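Down below is the structure, laid out as structure tokens.
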Amino acid sequence: MTITDIAERAGVSIGAVSFALNGRPGVSEATRERVLSVADELGWAPSTAARSLAVSTTETFGLVLARDPRMLGVETFYMRFIAGMEAELARRGYGLLLQVVPSPADELATIAKWRAARRVDGILLVDLAVDDPRVTLSSEPGALPTVVVGDAAVANGLTSVSTDDDAAMREAVRHLAMLGHRRIARVAGVDRFAHTQSRDAAFLDEMGTLGLQPLLARTDYRPESGAVATRSVLERDERATAIIYDNDVMAVAGLSTAMELGLSVPQDVSIIAWDDSVLCEHTFPKLTALSRDVGAYGSHVARRLFDLVDGAEPGAFLDATPRLVERASTGPAPGVASAARPPGAHT
């Protein structure tokens with residue numbers, strides 16, 4: 001349905017229809033009411049493409065993920081994060097353009113193409129690396145409004161929304177230390193990501209402060225690599241008695257691997273997952289996790305991007321810190337009869 005159809009039905013010119021629909025002067029009130037009535041009768045809606053040309057907006061935000069597409073159906077974080085964004089976008093009539101690409105180089109090229117074509121109104125950057133070239137591109141004159149989902153330290157003055165991963169990691173280590181664990185492993189994600197490095201540093205520092213023995217295994221977040229890393233820290237002569245995983249799916253894979261090795265959870269090994277999810281609540285035993293409202297995190301990020309588009313100055317914003325939710329997968333270290341509940345633990 002077009003304005004030509006409305007003009008024919010209402011018996012007026014196309015120009016009069018345009019004036020009436022856009023609330024502009026140039027037509028009588030009687031004509032305006034007749035045009036609006038006909039438009040409503042015909043179920044007319046404005047063309048998004050035409051409106052974009054007229055007002056220089058696409059009503060779309062862009063997100064590029066350099067991830068294996070198969071992981072998006074397994075790892076719950078991004079689906080919950082995107083759902084939270086979509087809830088906020090829907091309130092403003094916006095859409096999300098999601099592009100999944102095979103490499104960081106393709107990610108950078110996609111953002112550059114979107115910028116040149118003004119394909120979206122704003123960009124979200126995730127999985128930030130130190131000295132990330134996407135941040136450099138988004139800091140140049142003429143760049144699209146951009147929000148960094150990560151620490152302000154790697155945002156180069158762009159608006160950022162982050163969580164206090166340092167505090168969350170330290171709470172997890174202290175929880176296990178209070179349960180008597182001395183050898184604690186961290187099954188970590190991709191080491192080029194800034195948030196991985198932040199968690200690594202907090203883990204190693206807190207372990208050193210408490211005089212504990214740290215073990216660090218590197219993965220790509222896939223459950224298969226989580227299982228391999230679990231074997232590596234449980235088949236040592238001095239095996240880990242507790243493991244902190246960087247996501248929920250690796251923690252679930254680690255639970256299965258421990259049982260395959262003939263170990264009981266938590267009697268022989270305790271497990272903590274980063275980013276609580278429905279998976280953590282439906283394993284046996286249920287998994288202790290560092291929990292945050294990922295959907296609310298996505299909504300928060302979207303609001304900050306809307307603020308930028310509306311003319312706000314860049315800023316650094318802190319989202320809710322992940323909190324420890326204690327379930328059945330953590331218990332006293334082997335040989336420790338009982339342990340005090342750590343301060344701040346939740347049930």
Side-chain angles (χ1 to χ4, degrees), residues 71 74-77 168-191 196 199-200 202-204 206-207 210 212-291 322 324-339 341-342 345-347:
M71 274 299 294
V74 176
E75 189 178 24
T76 63
F77 173 85
M169 178 59 75
R170 292 177 188 276
E171 182 181 10
V173 171
R174 288 195 297 267
H175 171 69
L176 294 170
M178 288 290 289
L179 292 171
H181 293 277
R182 310 298 298 171
R183 290 185 301 279
I184 302 172
R186 165 164 157 72
V187 174
V190 179
D191 60 358
T196 304
R199 295 177 190 180
D200 286 349
F203 172 73
L204 294 172
E206 192 66 22
M207 291 288 288
L210 298 176
L212 307 179
Q213 181 182 344
L215 302 173
L216 186 61
R218 191 68 62 196
T219 72
D220 58 3
Y221 296 111
R222 293 182 303 117
E224 295 85 357
S225 63
V228 170
T230 301
R231 283 188 174 275
S232 74
V233 300
L234 293 182
E235 291 183 329
R236 298 166 55 102
D237 290 337
E238 290 189 331
R239 66 173 179 82
T241 64
I243 308 174
I244 303 171
Y245 292 85
D246 245 357
N247 69 8
D248 53 347
V249 295
M250 291 198 299
V252 172
L255 173 63
S256 298
T257 301
M259 292 181 174
E260 288 171 5
L261 294 173
L263 300 174
S264 297
V265 177
Q267 291 78 9
D268 298 315
V269 59
S270 289
I271 289 176
I272 295 178
W274 198 291
D275 282 332
D276 198 8
S277 72
V278 67
L279 293 177
C280 298
E281 297 181 79
H282 289 85
T283 58
F284 182 80
K286 296 180 180 181
L287 297 181
T288 296
L290 289 163
S291 181
L324 188 72
V325 176
E326 186 181 351
R327 299 193 182 99
S329 69
T330 49
V336 177
S338 62
R341 181 180 300 276
H346 301 269
T347 56

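In this chain, residues are counted from 1 in sequence order. As the structure is a prediction and not an experimental result, all values here were calculated from the model.
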Could you check whether any side-chain heavy atom of [X] comes within less than 4.5 Å of a side-chain heavy atom of [Y], counting everything from C-beta outward?
X: D200; Y: R218; answer: yes
X: M207; Y: R186; answer: no
X: Q213; Y: R182; answer: no
X: L255; Y: S329; answer: no
X: I244; Y: R199; answer: no
X: L324; Y: L290; answer: yes
X: D268; Y: R239; answer: yes
X: I243; Y: L234; answer: yes

For residues [X] and [Y], report the shortest heavy-atom separation together with the two atoms involved.
X: A188; Y: L216; answer: CB-CD1, 4.0 Å
X: P285; Y: V265; answer: CG-O, 3.5 Å
X: D246; Y: G189; answer: OD2-N, 2.8 Å
X: L212; Y: H181; answer: CD2-O, 3.7 Å
X: A273; Y: A251; answer: CB-CB, 3.5 Å
X: A217; Y: S232; answer: CB-OG, 4.2 Å

- Task: Apply side-chain hydrogen bond (donor to acceptor under 3.5 Å, both in side chains) to the pair D248 and T76, showing each step before the final yes or no.
- Result: CA-CA 8 Å; D248 53 347; T76 63; 2.8 Å; yes
- Query: Does R327 use its side chain to pair, donor to acceptor, with the backbone of L287 at less than 3.5 Å?
  - Reply: yes
Distance, nearest 0.5 Å, that separates [atom1] of [X] from [atom2] of [Y]:
X: N247; Y: F77; atom1: CG; atom2: CZ; result: 10.5 Å
X: D276; Y: T288; atom1: CG; atom2: OG1; result: 9.5 Å
X: M178; Y: T330; atom1: CE; atom2: OG1; result: 13.0 Å
X: S277; Y: H282; atom1: OG; atom2: NE2; result: 10.0 Å
X: M169; Y: W274; atom1: CE; atom2: CH2; result: 4.5 Å
X: L279; Y: T283; atom1: CG; atom2: OG1; result: 8.5 Å

- Message: Regarding Y245 and T230, do their side chains bring together a donor and an acceptor under 3.5 Å, going by distance alone?
- Response: yes
